[in-house]
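In what follows, a single structure is set out as structure tokens and then discussed.
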Amino acid sequence: MSRAPTAGTVVPGKDQISGVAGALKACALVSGLDETEIYDVAARSSVMRFKTNRRIFEEGEDCAGLWVLTRGRVRLLHLMADGRQHAVGFHAPTAAIDLEAAVDGRAYMTTAVTLTDSEFVFVPRLVLTQLAEDYPITIRNAMQQLCLEVRQRDITAAIAALKDARGRIGCTLLQLARQFGVQDGSAIRIDYPLTRQHIADRAGVTVETAIRVMSEMQQLGVVATDNQIISILDIIRVREAINCEECQFECGVFAEQAGNTTPLRRR
DNA sequence: TCATTAACCGTCG
DNA sequence: CGACGGTTAATGA
């Protein structure tokens with residue numbers, strides 16, 4: 001079923017397809033596929049762009065396909081009855097957003113909102129099922145991704161149940177540092193804007209509590225915020241503050257896949 | 001709109 | 001009782 005474009009043929013929108021293919025290439029879901037095969041997938045997908053703070057899909061809505069984030073930042077959340085939000089997680093390229101819904105074809109489990117201007121490759125569900133038939137390796141890739149998410153959720157649930165507000169906020173910051181941290185001198189900068197509300201939603205506390213805790217940390221000089229860009233100045237002290245050493249949760253699963261040489265790993 | 005502070009108050013160990 | 005954290009209100013940027 002895989003079709004390479006005929007040589008010499010002028011395919012309408014060929015440039016766009018190449019663009020999609022280029023964006024897709026880095027996605028773990030299609031790793032193991034060759035150029036032609038990725039091009040084949042790209043030809044049946046489309047690119048969508050969203051401004052900051054736009055809904056991509058909503059919890060409960062039927063899943064029409066898979067959104068692969070190729071540029072920007074996304075947060076996944078549950079909207080709760082009292083109007084508060086619980087942020088399930090944050091995503092960077094090239095994450096498959098709410099892969100579980102795309103795989104089982106049931107309703108989305110979360111609402112996805114862009115945190116910054118973002119770009120996605122949308123792979124329709126029909127194409128996904130074809131993909132699974134044509135390239136079994138994508139099934140394994142998907143399982144791999146899903147396993148990672150299960151592990152992440154498991155740890156997140158444990159942290160939510162067992163840690164107090166400081167612990168949850170500290171863990172949130174460390175997870176963000178793992179996922180999005182860029183070295184900036186001796187500090188680690190989380191490379192996109194996050195409001196106190198975002199941190200609070202992720203940690204499961206109110207904004208005021210997030211502020212209370214983060215103000216203390218700023219006064220101790222372990223973190224700093226500049227225009228909603230959070231930097232962790234002293235990662236050791238953050239970890240000490242939340243008893244990282246004695247914590248048995250393996251938060252290494254929050255590191256973005258590849259050459260996982262994160263300096264945050266304990267032991 | 002976001003960040004911050006502070007007073008107040010209920011829960012729980 | 002006292003720590004913790006949610007609620008509410010006020011203020012400034």
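First the proteins, then the strands, lettered A, B, ... as listed; each starts at 1.
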Donor-acceptor contact below 3.5 Å, side chain A:Asp234 vs main chain A:Val222: no

Nearest-angstrom distance from the residue atom CD of A:Gln228 to P of B:dT1: 13 Å

Atom pair distance, as rounded to whole Å: CG in A:Asp164 and P in B:dG13: 13 Å

A:Trp67 and A:Phe50 aromatic ring geometry - parallel, tilted or perpendicular at 30°/60° bounds: perpendicular

A:Thr209 side chain near C:dG6 phosphate (N/O to OP1/OP2, under 4.0 Å): yes

d(CG, A:Leu115; P, B:dC2) in whole Å: 12 Å

Member of A:Val121, A:Thr94, A:Ile97 meeting the side chain to side chain contact (heavy atoms under 4.5 Å, CB included) criterion with A:Leu69: A:Ile97

Integer-rounded Å distance: C:dG5 C1' and A:Met214 CE: 17 Å

Whole-Å distance separating the CG atom of A:Leu194 from the P atom of B:dC2: 12 Å

Rounded (10°) bend between the five-pair end axes of the helix from B:dT1-C:dA13 to B:dG13-C:dC1: 10°

Backbone of A:Leu176 reached by a side-chain donor or acceptor of A:Arg178 within 3.5 Å: no

side-chain hydrogen bond (donor to acceptor under 3.5 Å, both in side chains) against A:Thr206, all qualifying residues, sequence neighbours excluded: A:Thr209

For a quick test of your reading: what N or O donor-acceptor pairs under 3.5 Å do the side chains of residues 155-165 of chain A make, sequence neighbours left out?
unit_1, atom_1, unit_2, atom_2, d
A:Thr156, OG1, A:Gln152, O, 2.8
A:Asp164, OD1, A:Arg166, N, 3.4
A:Asp164, OD1, A:Gly167, N, 2.9

Residue list, side-chain hydrogen bond (donor to acceptor under 3.5 Å, both in side chains) with A:Thr70, at least two apart or on another chain: A:Glu119

Whole-Å gap separating C1' (C:dG5) and NZ (A:Lys163): 18 Å

Residue pairs involving residues 190-215 of chain A (criterion salt bridge (Lys or Arg N to Asp or Glu O under 4.0 Å); sequence neighbours excluded): A:Arg73-A:Asp191

Would you list the protein and nucleotides 4-9 of chain B atom pairs, both N or O, that sit under 3.5 Å from each other?
unit_1, atom_1, unit_2, atom_2, d
B:dT4, OP2, A:Arg196, NE, 3.1
B:dT5, OP2, A:Ser215, OG, 3.3

